[in-house]
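In what follows, every chain begins at residue 1, and chains take the letters A, B, ... in the order their sequences are listed. Hydrogens, waters and symmetry mates play no part in the numbers below; they use all other heavy atoms, side chains included.
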2 protein chains.
Amino acid sequence: MDVMPVSDLSHAAQNYLKLIWSATEWSPAPITVSVMAERLGVRPSTVSDGIKKLAGQGLVTHAPYGSIELTDAGRAHAVAMVRRHRLLETFLVDVLGYSWDEVHDEAEVLEHTVSDTLIDRMDRKLGHPVRDPHGDPIPGADGRPSMPKGTQLSAAAAGNTVAITRISDADPQMLRYFTELGLAPDTRLTVTEHRPYADVTTVRVHEPERDIDLGASASDAIWVVAV
Amino acid sequence: MDVMPVSDLSHAAQNYLKLIWSATEWSPAPITVSVMAERLGVRPSTVSDGIKKLAGQGLVTHAPYGSIELTDAGRAHAVAMVRRHRLLETFLVDVLGYSWDEVHDEAEVLEHTVSDTLIDRMDRKLGHPVRDPHGDPIPGADGRPSMPKGTQLSAAAAGNTVAITRISDADPQMLRYFTELGLAPDTRLTVTEHRPYADVTTVRVHEPERDIDLGASASDAIWVVAV
DNA sequence: CAAATTTGTTCGTTAAGCCTAACATTTAAG
DNA sequence: CTTAAATGTTAGGCTTAACGAACAAATTTG
């Protein structure tokens, strides 16, 4: 079985591959059937069937009750889907004036139906961007791997001054909250303190100078690099 | 059964409705099952089943072996699909640098998956265009009917000076030929003569001044209005 | 106008992707 | 370490949109 173009995979297969890949982008733990089912809004039995089929196509390795791992071919498809998704998000924001909390769902649908040509033209129009509106790295057309990842704000040492490099796009409502706070990719801030049992991280941001308290979910969603 | 949004119809149903509507946009003859099957690349039995289902949903009227007619609800959906298609084509050409012979297939896929929001944003970005790159009228968001239609070049009286108002997008190869000849919407020309048995229409175009002979398929694909 | 041809319809089947229910395995708790 | 709980798998069905084969109706032709 040859390398097949993205378009030869069913939408469901594309989603499975992207999700498996995404699970390991920011944390090392491999994904499970039930987590996949929950994220995709389907039953575990559906995912179990789907994974079996992907394994038959040589896109993942999986023995019953075993872990789910992408093959090289599967990873290539997954990365291509991620590239599509993130270029679309960038295009919707930069060209069509979407806000960063609106783009995820639209991109989720379009990533399956736009042609490679359209992806290339968007990429060119945008000047070959390397990050999407949430700061997530956009893989190149050759599937080149991601940029440096940074660490979660919740794990950054107190006292350090850092720049936001990405903010997880999982929760649009949280994104709107960050917009209100003036937190976005490239915002610089100083980590004031972590208060462990309250699960609160306090940061200081400039212009205007202010202190912000962030709970665990917020400080896990924000990734930073030292500046 | 209430008026349902476009997105609640299957892609197949959307295509059926659009095709039925399109058949009567430029010629009065209603469409047949076999023509639909041929255009959609499926078997007549598939179309026959599909039409029956649309009739059950109140989107077309059709008795077995009878003619196929859109209901008001069906027409509204069809026009919404046509609007989507033509706005997409316009967007791809104006914003992403597609040529007019490339856009049809891309729009054909995307029209089923873009959100109403995206359609609105493209429409705004484009300044609410009223014609697509082939000159076809773009229905408004309210489904307002089309612009004046003009007549086929093959039916324009010799001696008249006219402007091209639309060129059928059915055949990309023919569109590339027209590009070479410098024929596009809004090009002005004078009809020199029709030679009936040769099925050739000769027209004179300015800048640079030149005579062009067009066969029947070409002069049927071009629609003109008096200037 | 009767026969032949074309056109349209019905019906049984297939494939994908989902479901529920029943069952199997693994992991966690007592 | 054994049982209970959680997780994963299999089996059987449903729906949609396609197909081909067989049949029905309408149209064209001789």
Side-chain angles (χ1 to χ4, degrees), chain A residues 1 4-20 23 27 29-70 74 77 81 108-109 111-113, chain B residues 1 4-20 23 29-70 74 77-78 81 108-109 111-113:
Chain A
M1 195 174 293
M4 60 180 84
V6 163
S7 51
D8 282 6
L9 290 170
S10 71
H11 292 188
Q14 290 171 358
N15 281 332
Y16 288 148
L17 295 174
K18 183 163 66 96
L19 182 52
I20 296 166
S27 77
I31 200 164
T32 65
V33 169
S34 48
V35 169
M36 287 185 67
E38 202 250 312
R39 295 271 190 90
L40 295 167
V42 299
R43 297 295 173 172
S45 60
T46 305
V47 173
S48 191
D49 282 351
I51 295 294
K52 190 159 61 167
K53 212 168 145 205
L54 287 179
Q57 293 172 102
L59 297 168
V60 303
T61 56
H62 177 63
Y65 302 99
S67 67
I68 300 165
E69 310 272 2
L70 291 170
H77 285 299
M81 292 311 298
E108 198 73 19
V109 175
E111 65 191 13
H112 302 296
T113 55
Chain B
M1 193 174 296
M4 61 179 84
V6 162
S7 51
D8 282 6
L9 290 169
S10 71
H11 292 190
Q14 290 172 358
N15 281 332
Y16 288 148
L17 294 174
K18 182 162 67 94
L19 181 51
I20 296 165
I31 200 164
T32 65
V33 169
S34 49
V35 169
M36 288 185 67
E38 203 250 311
R39 295 271 190 90
L40 295 167
V42 299
R43 296 295 172 174
S45 59
T46 305
V47 174
S48 190
D49 283 351
I51 295 294
K52 191 160 60 168
K53 210 168 147 208
L54 288 180
Q57 293 173 101
L59 298 168
V60 303
T61 56
H62 176 63
Y65 302 99
S67 67
I68 300 165
E69 311 272 1
L70 292 170
H77 285 299
M81 292 311 298
E108 197 73 20
V109 176
E111 65 190 12
H112 301 296
T113 55

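- Atoms CG and NZ, on A/Leu70 and A/Lys18 in that order, are 13.0 Å from each other to the nearest 0.5 Å.
- Between B/Pro44 and A/Ser45, the one whose closest nucleotide on DNA chain C sits nearer the 5' end is B/Pro44.
- Separation of atoms CZ (B/Arg43) and OG (B/Ser34) is listed at 12.5 Å; rounding is to 0.5 Å.
- Separating the CG atom in A/Leu19 from the CE atom in A/Met81 is a distance of 12.0 Å, to the nearest 0.5 Å.
- Taking every heavy atom of residues 61-68 of chain B and every atom of DNA chain C, pairs under 4.0 Å involve B/His62, B/Pro64, B/Tyr65, by number.
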Find every protein N or O atom lying less than 3.5 Å from an N or O atom of nucleotides 13-16 of chain D, and list the pairs.
none

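- One axis for each end of the helix from C/dC1-D/dG30 to C/dG30-D/dC1, each built from five base pairs, and the angle between them comes to 0° at 10° resolution.
- Rounded to whole Å, the distance from CG on A/Asp49 to P on C/dA16 is 12 Å.
- Proximity note for A/Thr32 (side chain, C-beta onward) versus C/dG8, D/dT10, D/dG8: the nearest is D/dG8.
- For the atom pair CG of A/Asn15 and CD1 of A/Ile20, the computed distance is 10.5 Å after rounding to the nearest 0.5 Å.
- Inter-residue side-chain proximity for B/Leu17 and B/Leu9 is flagged as met; some heavy-atom pair is nearer than 4.5 Å.
- The OG1 atom of B/Thr113 lies 6.5 Å from the NE2 atom of B/His11; values are rounded to the nearest 0.5 Å.
- Closest heavy-atom contact between B/Ile68 and B/Pro30: O-CB, 4.5 Å.
- Distances shown here put a side-chain N or O of A/Thr46 below 4.0 Å from the OP1 or OP2 atom of C/dC19.
- Distance, A/Glu38 CD to D/dA6 P: 16 Å, rounded to whole Å.
- Rounded to whole Å, the distance from NZ on A/Lys52 to P on D/dT7 is 21 Å.
- Put simply, CG on A/Asn15 is 17 Å from P on C/dA16, counting in whole angstrom units.
- Judged purely by atom type and a 3.5 angstrom limit, A/His62 has no side-chain atom pairing as donor or acceptor with the backbone of A/Glu69.
- For the pair A/Ile51 CD1 and C/dC18 P, the interatomic distance rounds to 12 Å; values are reported in whole Å.
- For A/His11 and C/dC18, the NE2 to P distance is 12 Å, given to the nearest whole Å.
- Here C/dT6 presents its P atom at 16 Å from CZ of B/Arg43, a figure rounded to the nearest Å.
- Considering CG of A/Leu54 and CG of A/Asp49, their distance stands at 11.0 Å, rounded to 0.5 Å.
- The local environment of CD in A/Glu108 is crowded, with over 12 non-hydrogen atoms from other residues, nucleotides or ligands closer than 6.0 Å.
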